[in-house]
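The structure's right below; bear with me while I get my questions together.
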Amino acid sequence: MSRKVVRTSKFRHVFGQAVKADQCYDDIRISQMTWDSNFCSVNPKFVAMIVDASGGGAFMVLPLSKTGRIDMSYPTVCGHTGPVLDIEFCPHNDNIIASGSEDCSVMIWEIPEGGLTSPLTDPVVKLEGHSKRVGILSWHPTAHNVLLSAGCDNVVILWNVARGEAVVRIDSVHTDLIYSACWNRDGSRILTSCKDKTMRVLDPRKGTVLFEKEKPHEGSRPVRAVFVSDGKILSTGFSRMSERQVALWDPKNFGEPLTLQELDTSSGVLLPFFDPDTGVVYLCGKGDSSIRYFEVTDEAPYVHYLSMFSSKESQKGMGYMPKRGLEVNKCEIARFYKLHERKCEPIVMTVPRKSDLFQEDLYPDTVGPEPSVEADEWFEGKDAPPNLISLKDGFVATTKAKEFKVHKSLLKTTTASAGNHDNGGEVQSLRKEVKDLKEAIEELTKRVKELESKH
């Protein structure tokens, strides 16, 4: 009688490895704020980290290649007047990053190619609409220039960033502090967890509650929740005895969880990162020194423990690289950027394979950088699945990253509100460019006329 003892899975032997010391980003004073966000955001070009700033708030953006010791005088993005609480790179343009702060504002920044050469104080757009600090930001996965922000005023706002306006304001749903807010894969639903011990699935455009679950976890400490495959929801929280738990839910049947597992008795909030391509979810505890990972499948018990990456030092925050930024030929299925007190250390998750060929089963087509719908269309009701790309030849940007266009009327207001900062140089160079273009057009018109007269 042969009996299957161990569940077969190609991710059973995934192992994590920290990179060598010279590949880390050293001597960075990571922010000491007690706030449960990631404190770090990465994409295939840059890594951004919230840093300590005397007076106001700042974050640092480094090109991925700038490893080693970072000079104390390295320029930061420092336009906020209060500490920065959350940052997130735009999924459709690697040079655009949003930041939310204790000064109640959200700012959108454009990072120049190659990184900063001088401190950046003027945002491209400043979004004002919250009355208390803004602690959660999340870009829409498929619509261009749509950003969600949630503040300590218990309000969720959806912004059309290019117009600089708050289009949807969800202010009567949450009765207490919002712990987490995120989108589903095509951005047609929002999932929030809240201090009032309720987990809610919302219709983003109407701001109405579609499903809700009271007390997904009995404990009173923060709950985090993310959408996983097939519309299911994975939540992390605490039991009444303050043990950490992970649970899987089906919103269509919120009565009982599909599974609920106790993990340990640590006190840090577990930040979940779900990879839809592999079905693996990574749980990084704030203040932990480990990353646990599980595989989410359709067979009971649904959430299968795979393994754990452990290290000596605890993490202050964690960045998660999008799939298109990974090294495919090394069978890398995830890369985390772990924040220590004074450095950022990349951690690579690998599936051991003997072959050097492209592993198609590990890399199905994944979300690419092209948005599939514009902001105005999305707010009018059009949903669209993400545009997928193949990673077979290592990710190559085939299209130019969507330029970040801000409407002219908005530019006037941002430059006016930016006060008398030294924008002179930029304006001069733009005027010169316009002048050159006009001259070139005149030249061409002349030639066209000459040619026409010849015929």
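Note that the numbering runs from 1 along the sequence shown for the chain.
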Exercise. Output the distance between atom CD (Gln315) and atom CE (Met318), rounded to the nearest 0.5 Å.
Key: 3.5 Å
Practice problem: Decide yes or no on side-chain contact (heavy atoms from CB on, under 4.5 Å) for Val168 and Phe379, but give the supporting numbers first. | Solution: CA-CA 9 Å; Val168 177; Phe379 280 115; 4.1 Å; yes
Self-check item: Side-chain donor-acceptor contact under 3.5 Å, Glu345 with His340
Solution: yes
Practice problem: State whether Glu218 and Lys197 are salt-bridged, where the test is any N-O pair (Lys NZ or Arg NE/NH1/NH2 against Asp/Glu carboxylate O) under 4.0 Å. | Solution: no
Exercise. Return the minimal non-hydrogen interatomic distance between Val134 and Ser149, and the atom names on each side.
Key: CG1-CB, 4.1 Å
Exercise. Ignoring hydrogens and angles, tell me if any N or O in the side chain of Trp159 forms a donor-acceptor pair with the backbone of Val146 under 3.5 Å.
Key: no
Quiz item: Short question: side chain of Thr142, backbone of Pro385 - any donor-acceptor pair under 3.5 Å?
Solution: no
Self-check item: Flag, side chain of Ser41 to backbone of Phe89, donor-acceptor distance under 3.5 Å
Solution: yes
Quiz item: Regarding Ser180 and Ser193, is there a side-chain donor-to-acceptor distance under 3.5 Å anywhere?
Solution: yes
Quiz prompt | Nearest heavy-atom neighbours spanning Ile178 and Ala150 | solution = CD1-CB, 4.1 Å
Quiz item: How about Thr175 and Asp196: does a side-chain donor come under 3.5 Å of a side-chain acceptor?
Solution: yes
Practice problem: Determine whether the aromatic ring centres of Trp378 and Trp183 lie less than 6.0 Å apart. | Solution: yes
Quiz item: Roughly how far, to the nearest 0.5 Å, is CG of Leu202 from CZ of Arg189?
Solution: 9.5 Å
Quiz prompt | Side-chain (Asn145) to main-chain (Val161) donor-acceptor, under 3.5 angstrom | solution = no
Self-check item: Closest contact, heavy atoms only, Gly164 versus Val125
Solution: CA-CG1, 4.1 Å
Quiz prompt | For the student: nearest non-hydrogen atoms of Leu148 and Ala181, plus distance | solution = CD2-CB, 3.8 Å
Exercise. Return yes if some donor-acceptor pair links the side-chain N/O of Asp203 with the main-chain N/O of Gly207 below 3.5 Å, else return no.
Key: no
Quiz item: So, does Ser101 use its side chain to make a donor-acceptor pair with the main chain of Pro83 at under 3.5 Å?
Solution: yes
Quiz prompt | Straight-line distance of Glu212 CD to Arg200 CZ, nearest 0.5 Å | solution = 5.5 Å
Quiz item: Hey, what's the ring geometry for Phe254 with Phe211, parallel, tilted or perpendicular (30° and 60° as the breaks)?
Solution: perpendicular
Quiz item: When rounded to the nearest 0.5 angstrom, what is the spacing between OH in Tyr282 and CG in Leu270?
Solution: 16.0 Å
Practice problem: Under the salt bridge (Lys or Arg N to Asp or Glu O under 4.0 Å) rule, collect the residues that match up with Glu128, sequence neighbours excluded. | Solution: Lys126
Exercise. Considering non-hydrogen atoms only, spot the tightest contact between Ser372 and Pro386 and give its length.
Key: OG-CA, 4.1 Å
Self-check item: Arg69 bridged to Asp22 by N-O distance under 4.0 Å
Solution: no
Quiz item: Do we see a donor-acceptor contact under 3.5 Å between the side chains of Ser31 and Lys316?
Solution: no
Practice problem: Please find out if less than 6.0 Å separates the ring center of Phe273 from that of Phe336. | Solution: yes
Practice problem: Check Met107 against Trp109 and note the closest heavy-atom contact, atom names and distance. | Solution: SD-CZ2, 3.4 Å
Self-check item: Lys213/Asp250 salt bridge by N-O under 4.0 Å criterion
Solution: no
N/O donor to acceptor pairs below 3.5 angstrom from side-chain atoms of residues 220-230, sequence neighbours left out:
residue: Arg221; atom: NH1; partner: Ser267; partner atom: O; Å: 2.2
residue: Arg221; atom: NH2; partner: Ser267; partner atom: O; Å: 3.4
residue: Arg224; atom: NH2; partner: Asp36; partner atom: O; Å: 2.2

Quiz prompt | Heavy-atom donor-acceptor pair, Asp86 side chain to Gly100 backbone, under 3.5 Å | solution = no
Quiz item: Could you go step by step and tell me if Tyr25 and Tyr337 meet the side-chain contact (heavy atoms from CB on, under 4.5 Å) rule?
Solution: CA-CA 10 Å; Tyr25 307 86; Tyr337 284 72; 4.0 Å; yes
Quiz item: When you look at Lys132 and Asp103, which way does the salt bridge (charged side-chain N to carboxylate O under 4.0 Å, His left out) test go after all the steps?
Solution: CA-CA 8 Å; Lys132 288 190 179 170; Asp103 65 14; over 6 Å; no
Quiz item: Counting N and O atoms only, with roles assigned by atom type, does the side chain of Asn95 sit under 3.5 Å from a partner on the main chain of Glu110, one being a donor and the other an acceptor?
Solution: no
Quiz item: Under 3.5 Å, is there a donor-acceptor pair between the side chain of His140 and the main chain of Leu147?
Solution: no
Practice problem: Could you walk me through whether Asp27 and Arg342 pass salt bridge (charged side-chain N to carboxylate O under 4.0 Å, His left out), step by step? | Solution: CA-CA 5 Å; Asp27 242 13; Arg342 290 199 68 101; 3.7 Å; yes
Practice problem: Could you grab the distance from atom OG1 of Thr76 to atom CG of Leu62, nearest 0.5 Å is fine? | Solution: 11.0 Å
Self-check item: Spacing of CD1 belonging to Ile347 relative to NZ belonging to Lys338, to within rounding of 0.5 Å
Solution: 5.0 Å
Quiz item: Does the side chain of His217 come under 3.5 Å of the side chain of Ser239 through a donor N or O and an acceptor N or O?
Solution: no
Self-check item: Backbone N/O of Glu332 and side chain of Thr350: donor-acceptor pair under 3.5 Å
Solution: no
Quiz item: Which pairs count as salt bridge (Lys or Arg N to Asp or Glu O under 4.0 Å) when at least one residue sits in residues 268-290, sequence neighbours excluded?
Solution: Arg244-Asp288, Asp275-Lys323, Asp277-Lys323
